[in-house]
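One structure is given below, encoded as structure tokens.
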Amino acid sequence: MSNILIFGESMLELTTKEGPLMRRAYAGDVFSVAVYLARLAPPALKVKMLSATGSDALSQGLRAALEHEGVDTDCMATHPSKHLGLYMVQNDSSGEREFTYWRSNSAARDAIKLIDLYAIATPDHLFFSGISLAILDPASRFTFKRWVADLKKLGTTVIFDANFRPALWQSESEYLTEYRWAFSACDIALPGMDDLQQIFRCESAQQACELLSAYDIQEIIIKNGPDSILYRNGAQQGEFQVPKVNLIVDTTAAGDSFNAAYLASRIGGSSTPEAIAAGCRMSAKVIGHSGAIMANDNTASGPAYMTMA
Ligand SMILES: O=C(O)C(=O)C[C@H](O)[C@H](O)CO
């Protein structure tokens, strides 16, 4: 049995239904990675969430949703007074999303203050994103980074997705410092090209791949929407043509669902190109549906237990 610990912020998600009606679900980048990974993971992989919620009914619902999906919530703390953050998705006619957030005082921001990281059994894999880092205050970030460095010495594989949210950072120098640290700490990097463009001003995926190759990262996968995916695994380098997707309703969680399928395949023993193909198949299904989490059978608009109109 091996495990992957996923650190970050799970949220409430509102998507537009008809007219003024909204559909409520649970999401957040790490929530989506955890749920899709739990669905796709080989049976010997345990998926665990490291985060904090409130004690209110919505927070309890989010934990119940994770548990229903088979995600272990033992490393989730309960904040005595704070609640979940919230975001709303609006799509244009091409399915491209725009997010509006209410998250500045969420419980997840205090996760590192509420949890003794050193009491957690050393995970085989640790996943976090640029959002996971951005929501932390300087003291929590320091503690988290020291813990990651210690985990690496113990053999944990560190996995990072850039997921850049400019509004969560105070300044360019702040986010550059943190992204440089994250890329120097990770063994597997799964960034999106749009993020690398904004963070490091990379003009092409090739340039981004060269920039990341200066770090000691074993696997680099650069997602680029419908354009080809550049990858490097040690000395092996290649370009993967992304199959055309005919139905795009909402691109929310495209990258997160890719990450989940990629990791499930790689941890299950597939090659890098096979895992990229699995990632593309998964994200193609997810973007044909509104909101981050599609029903397990890919038919309904979301799992009933986590949706409320
Ligand atoms: O946490 C955020 O900033 C999000 O945007 C959460 C979304 O579920 C996710 O990132 C969508 O891809």
Side-chain angles (χ1 to χ4, degrees), residues 6-16 22-37 49-53 58 62 65-66 69 71 83-92 94-109 111 127-136 159-169 175 178-179 182 190-196 198-199 223-226 245 248-263 279-280 282-294 301-303 306-307:
I6 299 183
F7 169 64
E9 177 166 25
S10 297
M11 306 176 83
L12 278 172
E13 178 193 68
L14 296 179
T15 42
T16 315
M22 308 291 284
R23 173 182 160 274
R24 191 213 76 197
Y26 299 114
D29 63 343
V30 291
F31 182 94
S32 303
V33 172
V35 166
Y36 289 126
L37 189 48
M49 180 64 82
L50 173 61
S51 189
T53 67
L58 291 168
L62 184 141
L66 285 171
E69 295 282 356
V71 178
H83 310 294
L84 299 176
L86 165 72
Y87 74 96
M88 192 170 104
V89 194
Q90 283 171 298
N91 301 105
D92 64 20
S94 70
E96 202 42 69
R97 79 257 166 122
E98 189 185 307
F99 298 127
T100 309
Y101 297 101
W102 295 265
R103 72 186 325 171
S104 53
N105 200 26
S106 67
R109 289 179 175 251
F127 178 97
F128 64 95
S129 74
I131 300 171
S132 319
L133 281 179
I135 59 168
L136 299 179
I159 305 157
F160 178 67
D161 184 355
N163 275 354
F164 184 52
R165 299 288 181 269
L168 293 177
W169 297 99
Y175 69 68
E178 301 308 329
Y179 276 102
L190 298 163
M193 183 56 207
D194 52 346
D195 293 330
L196 297 174
Q198 292 182 74
I199 300 162
K223 297 168 285 188
N224 201 3
V245 179
I248 304 178
V249 175
D250 176 8
T251 58
T252 301
D256 308 326
S257 55
F258 176 97
N259 293 346
Y262 179 84
L263 293 171
C280 291
M282 191 64 196
S283 60
K285 283 189 208 164
V286 169
I287 64 179
H289 148 276
S290 173
I293 305 294
M294 66 180 186
S301 62
M306 66 163 79
T307 305

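Order of listing sets the numbers, starting from 1, for every ligand and every atom in it.
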**Request:** Pull out every atom of ligand 1 sitting under 4.0 Å from any heavy atom of Arg103, numbered as shown with elements.
**Result:** 1 (O), 2 (C), 3 (O)
**Asked** Using a heavy-atom cut-off of under 4.0 Å, does the side chain or the backbone of Glu9 touch ligand 1, or both, or neither?
**Response** neither
**Request:** Return the minimal non-hydrogen interatomic distance between Ser132 and Gly8, and the atom names on each side.
**Result:** OG-CA, 3.6 Å
**Prompt:** N/O of Tyr87 under 3.5 Å from N/O of ligand 1, yes or no?
**Reply:** yes
**Prompt:** Are Phe127 and Phe7 close enough that their ring centres sit under 6.0 Å apart?
**Reply:** no
**Asked** Does at least one non-hydrogen atom of Phe31 fall below 4.0 angstrom from an atom of ligand 1?
**Response** no
**Fill in**
Counting heavy atoms under 4.0 Å, the part of Met11 that contacts ligand 1 is side chain
**Request:** Of the side chain and backbone of Asp256, name the one, both, or neither that has a heavy atom under 4.0 Å from an atom of ligand 1.
**Result:** side chain
**Prompt:** Who's the nearest protein heavy-atom neighbour of atom 10 (O) of ligand 1, and how far?
**Reply:** Arg165 NH2, 2.8 Å
**Request:** Verify, without hydrogens or angle tests, whether Tyr175 (side chain) and Pro166 (backbone) share a donor-acceptor contact under 3.5 angstrom.
**Result:** no
**Prompt:** Which residue supplies the protein heavy atom nearest to atom 4 (C) of ligand 1, what is that atom called, and how far is it?
**Reply:** Tyr101 OH, 3.5 Å
**Request:** Using atom types as modelled and distance alone, determine if a side-chain donor or acceptor of Glu178 lies under 3.5 Å from a backbone N or O of Leu133.
**Result:** no
**Item:** Proximity to ligand 1 by part of Asp29, non-hydrogen separation under 4.0 Å
**Value:** both
**Fill in**
Smallest heavy-atom separation, Val249 atom then Gly288 atom, equals CG2-O, 3.2 Å
**Prompt:** With no hydrogens and no angle check, is any side-chain donor or acceptor of Arg109 less than 3.5 Å from a backbone partner on Arg103?
**Reply:** yes
**Request:** Report yes or no: does Asp256 contribute a side-chain atom to a donor-acceptor pair with the main-chain N or O of Val33 at less than 3.5 Å?
**Result:** no
**Asked** Does Ser32, backbone or side chain, put an N or O under 3.5 Å from an N or O of ligand 1?
**Response** no
**Prompt:** Would you call Thr252 a ligand 1 contact, heavy-atom distance under 4.0 Å?
**Reply:** yes
**Asked** Once you round to the nearest 0.5 Å, how far does OG of Ser290 lie from CZ of Arg23?
**Response** 5.5 Å
**Any N or O of Ala253 closer than 3.5 Å to N or O of ligand 1** = yes
**Fill in**
Per-atom filter on ligand 1: closer than 4.0 angstrom to a heavy atom of Arg97 are 11 (C), 12 (O)
**Prompt:** Are the side chain of Asp250 and the backbone of Gly291 linked by a donor-acceptor contact shorter than 3.5 Å?
**Reply:** yes
**Asked** What about Gly28: any of its N or O atoms under 3.5 Å from an N or O on ligand 1?
**Response** yes
